[in-house]
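What follows is a set of notes on a single structure, which appears directly below.
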Amino acid sequence: MAPKPLPNVLEITPYVPGLSSESGYKLSSNENPLGYSPLVREAVEGHLDHLETYPDGGANQLRDAIAERYGLDPSRIVCGSGSDEIFQLLARAYLAPGDEIIQSQYGFLVYRLVAQQSGAETITVPDKDFTADVDGMLAAVTEKTKIVFLANPNNPTGTYLPFDEVRRLHAGLPENVLLVLDAAYAEYVRANDYSSGLEMAGSYENVLMTRTFSKIYGLAALRLGWAYGPSAVVDAINRVRGPFNVNSLAQIAGIAAMKDDAFTDKSVEFNKRELARLTEAVSATGLKVIPSVANFLLIEFPAEGVYSAEKAEATLRQNGLIVRDVKAYGLPNHLRISVGVKQANDQIISVLGEFMARR
Ligand SMILES: *Cc1c(COP(=O)(O)O)cnc(C)c1O
């Protein structure tokens, strides 16, 4: 008989990344349209003569740099090969068959995948207005609940939960349930009532915050993320991670990226302007745009007829614009479009305008 993987492994539907394009614009993975800091290029190039050496397994200089930048205790930071790896490590350390995780209806798909890898069940709680529903999530807690995952802001909806609501969610959870606050898009949010969860992760034994270098820092290719939280959780992640889980170039790039405030400020400003412009222009075509605080938009198309999301996606693709269908999230009538360079956004506006003006 041939070797057989575990039954829960065969139940996993593999994550399908955003399509890429050889020509035209890729607006399917929420990458930084401005690229990345020139300081990163310099730092990475400076290390190319040393690829024969293993990375610093503890990512010590990187953790110190993160700690300094955000005012944190470096011993309570752990780095991962993308924040995706942190979620996997959490599943490895905290989830077994029979356990449950809770997430919101349109919450990020990766949480479900990592739960499945450990044979745990995902309890999905209906959203309200495309936003996580705190009362619903609290009502879903059982003895089996081990982790509550909240992407804030959430992908693919672009919506966020105000700080008070996150606090209320935490206050209602039993102490043995870990609340994971995934703040991948935190830097883009301008709202006064938003917080990444940094303070909560510093104050409670059951809150972990995760961050990434893939979005505002534009380093998705290098795979770098980190988590901050209680020592016991950080210790558990350290026990299950690979000894060299973050490669040297990623560590060096992360340190350099955090030195370039001019680049991140410019990225935030650019996103703010272009997100507002896209939201207004796409709404003016008659399409519904879910209000986003991140670097992408979720657009709702009519369920039937010639203006469907599927037809729009095909039309955009013919015009060299690769966007994200979100059927895997149970959103067959929506498309997610990342904010691109100015010319890409101009094209989105004109192609969708023509698409909606057809009869
Ligand atoms: C993009 C994204 C991440 C980042 O993942 P990495 O593995 O760090 O690239 C995390 N959470 C959400 C919700 C995202 O959209």
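Hydrogens, waters and symmetry mates play no part in the numbers below; they use all other heavy atoms, side chains included. Both ligands and their constituent atoms are indexed starting at 1 by order of listing.
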Does a side-chain N-to-carboxylate-O contact under 4.0 Å join [X] and [Y]?
{"X": "D99", "Y": "K144", "answer": "no"}
{"X": "E274", "Y": "K342", "answer": "no"}
{"X": "E313", "Y": "R317", "answer": "yes"}
{"X": "R358", "Y": "E354", "answer": "no"}
{"X": "K266", "Y": "E269", "answer": "no"}

Could you tell me, atom by atom, which parts of ligand 1 come under 4.0 Å of a heavy atom of [X]?
{"X": "N155", "answer": "13 (C), 14 (C), 15 (O)"}
{"X": "K215", "answer": "1 (C), 2 (C), 3 (C), 4 (C), 14 (C), 15 (O)"}
{"X": "A184", "answer": "2 (C), 3 (C), 10 (C), 11 (N), 12 (C), 14 (C)"}
{"X": "T212", "answer": "4 (C), 6 (P), 8 (O), 9 (O)"}

Winner among D182, L109, N152, L224 once heavy atoms are compared against atom 13 (C) of ligand 1: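 Result: the heavy atom closest to atom 13 (C) of ligand 1 is in D182.
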Heavy atoms, side chains only, cut-off 4.5 Å: are R69 and D261 in contact?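 Sidechains of D261 and R69: in contact.
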If I apply the N/O under 3.5 Å rule, does [X] come out as touching ligand 1?
{"X": "S214", "answer": "yes"}
{"X": "Y185", "answer": "yes"}
{"X": "N30", "answer": "no"}

Is there a donor-acceptor contact under 3.5 Å from the side chain of N154 to the main chain of Y106?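 Pair found, side chain donor or acceptor close to backbone of Y106.
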Does G225 reach ligand 1, in the sense of a heavy atom lying below 4.0 Å from it?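 No, that is not the case, since the closest heavy atom of the residue is not under 4.0 Å from the ligand.
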Does R223 have a non-hydrogen atom less than 4.0 Å from ligand 1?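 Yes, R223 has heavy atoms under 4.0 Å from ligand 1.
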Looking only at protein heavy atoms, identify the closest one to atom 4 (C) of ligand 1 and say how far it is in Å.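 The closest heavy atom on the protein side is S83 OG, 3.3 Å.
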Would you check if the distance from the ring center of Y204 to the ring center of H170 is below 6.0 Å?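 Ring centroids of Y204 and H170 are less than 6.0 Å from each other.
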